[in-house]
J.: 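Sending over a structure as structure tokens; questions will come in a sec.
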Amino acid sequence: MFCITHKDSDSRARAGVLETKSGKKLETPAYAIVGTNAEVRCIDAREAERAGTRLIIANTYHLWRELGDSLNSFEGLPARIDMPGSIIMTDSGGFQVFSFGFGREHNTGKVGILRTADFPRAAASQENLVRVTENGAFFTDGRDERFLGPEESMKIQERLGADIMFAFDECTSPWSDYEYTKKAMNRTHRWAEVCLSKKTNASQMLYGIVQGGVFSDLRAESAKFIGSLPFDGFGIGGSFGENGMGGMVAAVNDLLPEQKPRHLLGIGTVRDVFKGVDAGVDTFDCVVPTREARHGALWTRDGRIDLKKSGYVNSTEPLEMECSCEACSSRISRGELRKMFKLKDRRAGKLATIHNVFFFNNLMCKIRKAIKEGKYKEFKSEFLGIISRYGIV
Ligand SMILES: [Zn+2]
């Protein structure tokens, strides 16, 4: 169930409450912290909770491969993750169709690259490990092939037992041409219907995924089709190209049922969060807070800080002024944390992860408050005004 409580008058931004079938509630907009293998790397469940985490997304493909036959006796993600107050999502495995497939062949991530004259960047490309058929995808490791299709994805996700599941889809590369993207989108549509028909557990929610790549007409077609199906909510997946994300997501959201929640898959820098919220997105997930923390990058009110840079060697500044996360409360300085990273001290990744997770959860909290108070536009322009003075956001 989803209830929109406030709407912004200058954009599509909205605040609401998402309630799962088991009665867990989440205020939106919210950010899902990635727990690929049913844990947030570097921190434990209590630390994740204290850093404000109320939404977590685990990876169906990796859990399927890791658990193997023991999936049949798996205790379920709620017990494994041990964060009773948090809503758990599982992705569908569709992203790995891309990341092990054209993502490798085209040597690209799903965000930020428009087709240009230097396509394909063959020199750096790797072998495509995925063979996509009309029924699903075959993943190879060079020796044997494992098959994942819509029916298999639903069975696995029901065994994993998340509150919210996603329909199996094919996430295409930003380099895929119109014909291929259209073919993949039509497959995603057929798979969406299979997922709905194969779902057996009434206590889980199922989101359909809109695809269509960088092509506006395909995005519109996909939003209309997926939006017409009886899903509990909608994911917006795939690539948008470097500059098209905000406008394209807004156009997709205008075609989706207004009263159902919308999740933007795998996108979540600060600037992208604001673009998504502007476009009417309710939830996000991205590896940015956790992965970047492990590589020594902190997200702060002063922008993104790369502790690997030598300028922080003697810095006595706190990680972030006025941050009340556990890491900042320990009064560790940027210079000290840099040194811990250099010495490969395991506490470095923990402290940076706690800070980044808190930063993004706290940002969402401030965005919700601003929408509710009718001050979202002012809040956004002030926040981005300060943060962009310092570089990457
Ligand atoms: Zn902090």
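For the numbers below, each heavy atom of this structure counts, side chains included, while hydrogens, waters and symmetry mates do not. Just so you know, ligand 1 is whichever comes first in the structure, and atom 1 is the first atom listed for that ligand.
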J.: Could you pull out the N/O/S protein atoms under 2.8 Å of the Zn ion (ligand 1), ignoring any water?
T.: Cys323 SG, Cys325 SG, Cys328 SG, His355 ND1

J.: In residues 223-232, what donor-acceptor pairs under 3.5 Å come from side-chain atoms, sequence neighbours left out?
T.:
from   : atom 1 : to     : atom 2 : distance (Å)
Ser228 : OG     : Phe225 : O      : 2.6
Asp232 : OD2    : Leu206 : N      : 2.8

J.: Below 4.0 angstrom, N of the basic side chain to O of the carboxylate: do Arg304 and Glu292 qualify?
T.: yes

J.: Check Lys21 with Asp163, please: is the shortest side-chain N to carboxylate O separation under 4.0 Å?
T.: no

J.: Got a salt bridge between Lys339 and Asp345, using NZ or NE/NH1/NH2 to carboxylate O under 4.0 Å?
T.: no

J.: Using a 3.5 Å distance criterion without hydrogens, assess whether the side chain of Gln204 forms a donor-acceptor pair with backbone atoms of Gln157.
T.: yes

J.: Can Glu75 and Arg80 be counted as an ion pair, charged N to O under 4.0 angstrom?
T.: yes

